[in-house]
Amino acid sequence: DYDGDVGDIQVRTTPYTNGSLPVYPTDDPDARFVLVTLDYSRCVAKMVGWIYGREAQAVTLSIKSRARGKGSEAHWIGQALLRPMEELDR
């Protein structure tokens with residue numbers, strides 16, 4: 001029984017190479033969240049890193065503008081705070 005996007009892992013994507021990983025207050029604190037950057041012009045996806053929900057939810061909530069001017073309150077995790085993909089248990 002899996003509740004993630006890939007097995008039990010939550011995957012969040014961004015078209016920005018320096019983009020942040022959004023983790024929402026309602027997300028599972030025990031889940032693992034992976035940030036993937038997408039380069040549509042070259043058809044490239046890069047798995048940047050990952051973090052546990054509880055670690056992300058300890059970061060202050062903030063609102064960043066998103067598509068069409070809408071904002072989403074989330075714990076926006078910068079790439080420097082993510083664990084390397086090599087440390088993600090399979």
Side-chain angles (χ1 to χ4, degrees):
D1 186 25
Y2 300 110
D3 294 322
D5 296 316
V6 179
D8 64 343
I9 298 170
Q10 299 292 329
V11 178
R12 305 281 161 88
T13 63
T14 179
Y16 304 106
T17 57
N18 63 344
S20 298
L21 171 69
V23 178
Y24 301 98
T26 56
D27 283 332
D28 182 352
D30 294 323
R32 296 173 291 174
F33 293 84
V34 172
L35 176 64
V36 176
T37 58
L38 303 172
D39 182 341
Y40 294 108
S41 65
R42 298 185 314 150
C43 295
V44 173
K46 177 184 176 189
M47 294 185 291
V48 177
W50 69 279
I51 193 169
Y52 284 106
R54 66 182 163 274
E55 296 169 336
Q57 289 166 338
V59 173
T60 303
L61 280 171
S62 63
I63 297 176
K64 289 191 178 185
S65 60
R66 303 207 59 187
R68 298 183 209 103
K70 295 181 181 176
S72 293
E73 186 176 56
H75 305 274
W76 292 90
I77 309 304
Q79 294 182 14
L81 296 177
L82 300 176
R83 298 170 188 248
M85 288 304 300
E86 296 81 20
E87 294 179 12
L88 183 64
D89 293 336
R90 311 262 189 285

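Numbers here are sequence positions counted from 1. All values below were derived from every heavy atom in this structure, side-chain atoms included, with hydrogens, water molecules and symmetry-related copies excluded.
The distance from atom OG1 of T17 to atom NZ of K46, rounded to the nearest 0.5 Å, is 8.5 Å. How far CG of D28 is from CZ of R54: 9.5 Å, rounded to the nearest 0.5 Å.
Residues V48 and V59 share a single hydrophobic cluster, defined by chaining ILVMFWY side chains whose heavy atoms lie under 4.5 Å apart. By the rule that hydrophobic residues join a cluster once side-chain heavy atoms approach within less than 4.5 Å of another member, V11 and Y40 end up as members of one cluster. Grouping the Ile, Leu, Val, Met, Phe, Trp and Tyr side chains by contacts below 4.5 angstrom, directly or via other members, places I51 with L35. The hydrophobic clustering, which links ILVMFWY residues whose side-chain heavy atoms are closer than 4.5 Å, places L82 and V23 together. Placement of W50 and I9 within a single hydrophobic cluster is found when ILVMFWY residues are connected by side-chain heavy-atom separations under 4.5 Å, directly or transitively.
A heavy-atom distance below 4.5 Å is not found between the side chains of T14 and Q79. At least one side-chain heavy atom of V34 sits under 4.5 Å from a side-chain heavy atom of M85.
Remark: the backbone N or O of P84 is not paired with any side-chain donor or acceptor of E87 at under 3.5 angstrom. Between the side chain of R12 and the backbone N or O of L21, no donor-acceptor pair lies under 3.5 Å.
Looking at every heavy atom in both residues, S20 comes nearest to G78 through OG-CA, 4.0 Å. Across all their heavy atoms, E73 and P25 have their closest contact at O-CD, 3.9 Å. Contact between L38 and A45 at its shortest, heavy atoms only, is CD2-CB, 3.7 Å. Nearest heavy-atom pair across F33 and Y52 is CD1-C, 4.4 Å. Smallest separation of non-hydrogen atoms from Q57 and Y24: NE2-O, 3.1 Å.
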Evaluation steps, side chain to side chain contact (heavy atoms under 4.5 Å, CB included), between L88 and R32: CA-CA 9 Å; L88 183 64; R32 296 173 291 174; 3.6 Å; yes
